[in-house]
Amino acid sequence: MSKKIIFVLAMMLIVCGATQANADQFIKRVNDWLIMRIEYQDEDTPQYCYLVSMPFRTKVYHGDKIREPHFVVIYRAPNEYTIDVDLDFDIDPKRGVVVDIDSTPRMLEPTFDSEIVHTYSSVQDIAMINDLMLTDGYFTVRSYDKNNNQALDYYSLRGFGKALRLMTRSCRY
């Protein structure tokens with residue numbers, strides 16, 4: 001896993017209120033998705049599991065750096081998820097970031113980190129996950145950096161449903 005993914009996961013731990021976490025533990029790869037677990041020393045939050053995938057294609061991006069974006073689904077508790085996307089560049093918050101699943105666009109909100117966006121509610125998380133489960137092929141993430149460069153990242157859905165089921169079984173709360 002890249003250093004960028006590890007950094008993002010560390011930032012998510014801070015956002016989630018975790019105090020002490022052990023290293024990320026690889027559980028399984030299901031096609032284009034990795035299932036990971038983070039165990040904490042805090043008794044209130046023993047662990048989190050998450051799925052992570054990198055885009056299989058970036059159609060447009062003319063920025064000045066090589067990017068390593070990724071899409072993350074965090075399992076927090078039964079029927080409670082958080083979806084984060086790390087775009088690996090400073091996004092333009094005025095333009096927004098759109099996840100397009102089967103021609104249904106969904107806006108994501110920026111976090112305190114100018115490269116990461118996330119869903120804004122549990123209702124949106126569940127709706128997006130249900131749409132991802134029902135869609136074949138791929139979904140896209142469209143974003144803009146602060147210099148108005150557009151990125152269009154394509155993420156595969158191969159193995160998503162199976163990975164989600166395995167993640168929820170592997171991480172019991």
Side-chain angles (χ1 to χ4, degrees), residues 1 4-6 8-18 21 24-40 45-59 68-88 91 96-113 115-143 151-173:
M1 230 182 248
K4 181 66 178 175
I5 291 174
I6 300 300
V8 169
L9 295 173
M11 297 309 294
M12 287 189 294
L13 293 174
I14 293 168
V15 170
C16 295
D24 296 10
Q25 179 184 28
F26 173 76
I27 296 174
K28 186 171 186 164
R29 180 184 192 102
V30 181
N31 295 74
D32 297 321
W33 294 85
L34 298 179
I35 306 169
M36 306 292 291
R37 177 182 350 204
I38 302 170
E39 295 192 21
Y40 301 105
T45 311
Q47 65 182 353
Y48 280 110
C49 289
Y50 61 94
L51 302 178
V52 64
S53 185
M54 305 282 279
F56 66 86
R57 178 173 143 199
T58 296
K59 189 171 183 180
E68 292 184 20
H70 52 276
F71 190 91
V72 181
V73 178
I74 303 166
Y75 178 56
R76 299 173 55 89
N79 296 317
E80 189 177 321
Y81 299 87
T82 299
I83 297 173
D84 289 332
V85 182
D86 180 355
L87 299 160
D88 202 22
I91 62 169
V97 174
V98 176
V99 176
D100 192 334
I101 305 167
D102 199 25
S103 300
T104 303
R106 300 184 190 278
M107 293 292 290
L108 299 183
E109 295 184 346
T111 62
F112 63 90
D113 182 328
E115 296 183 0
I116 301 172
V117 293
H118 61 89
T119 49
Y120 57 85
S121 73
S122 294
V123 172
Q124 186 187 28
D125 296 328
I126 298 297
M128 284 181 69
I129 289 169
N130 287 337
D131 287 347
L132 291 168
M133 297 281 286
L134 296 172
T135 302
D136 291 327
Y138 66 91
F139 65 97
T140 62
V141 176
R142 181 182 306 272
S143 55
L152 181 59
D153 298 314
Y154 289 76
Y155 290 85
S156 170
L157 285 168
R158 286 182 338 131
F160 178 78
K162 183 176 180 182
L164 186 69
R165 287 187 295 277
L166 286 171
M167 177 179 66
T168 57
R169 276 186 265 159
S170 298
C171 238
R172 302 235 182 238
Y173 295 98

L164 side, atom CG; R169 side, atom CZ - distance, nearest 0.5 Å
10.0 Å
CZ (R106) and CG (D131) are apart, to the nearest 0.5 Å, by 4.0 Å
Around N130, counting heavy atoms of other residues, nucleotides and ligands shown, do more than 12 lie under 6.0 Å from its CG?
yes
Over 60° means perpendicular and under 30° means parallel, so classify the ring planes of Y155 and F71, tilted if in between.
tilted
Within the distance-only criterion (no hydrogens, no angle test), does the side chain of T82 pair as donor or acceptor with the backbone N or O of I74 below 3.5 angstrom?
no
Out of curiosity, D84 CG to L87 CG, how far, rounded to the nearest 0.5 Å?
10.5 Å
Dump the intermediate steps for side-chain contact (heavy atoms from CB on, under 4.5 Å) on V97 and V85, then the final yes or no.
CA-CA 9 Å; V97 174; V85 182; 5.5 Å; no
Below 4.5 Å, heavy atoms only, C-beta onward: do I129 and V73 meet side chain to side chain?
yes
Any idea which heavy atoms bring I27 and C49 closest together, and the distance?
CD1-SG, 4.2 Å
For residues P105 and S103, report the shortest heavy-atom separation together with the two atoms involved.
CD-O, 3.4 Å
Heavy-atom check, side chain of T119 versus side chain of L108, under 4.5 Å
yes
Approximate separation, where rounding is to 0.5 Å, of I101 CD1 and L132 CG:
4.0 Å
To the nearest 0.5 Å, what is the distance between CZ on R29 and CD1 on I35?
11.0 Å
To the closest 0.5 Å, what do you measure between CG (D32) and CG (L51)?
12.0 Å
Taking the side chain as everything from C-beta on, heavy atoms only, tell me whether S156 gets closer than 4.5 Å to Y138.
no
Minimum side-chain heavy-atom gap L166-V30 below 4.5 Å:
yes
side-chain contact (heavy atoms from CB on, under 4.5 Å) evaluation trace for V72 with D86:
CA-CA 8 Å; V72 181; D86 180 355; over 6 Å; no
Backbone N/O of M167 and side chain of R165: donor-acceptor pair under 3.5 Å:
no
Using the ring of each side chain (for Trp, its six-membered ring), is W33 parallel, tilted or perpendicular to F160, with breaks at 30° and 60°?
perpendicular
Could you tell me which non-hydrogen atom of S170 sits nearest to which non-hydrogen atom of R37, and how far apart they are?
O-NH1, 3.4 Å
For the residue pair P55 and P69, what are the closest heavy atoms and their distance?
CD-O, 3.2 Å
With a 4.5 Å cut-off on side-chain heavy atoms, are T168 and Y81 touching?
yes
Return yes if some donor-acceptor pair links the side-chain N/O of Q124 with the main-chain N/O of Y120 below 3.5 Å, else return no.
yes
Looking only at heavy atoms, what is the nearest atom pair of M128 and V99, with distance?
CE-CG1, 3.7 Å
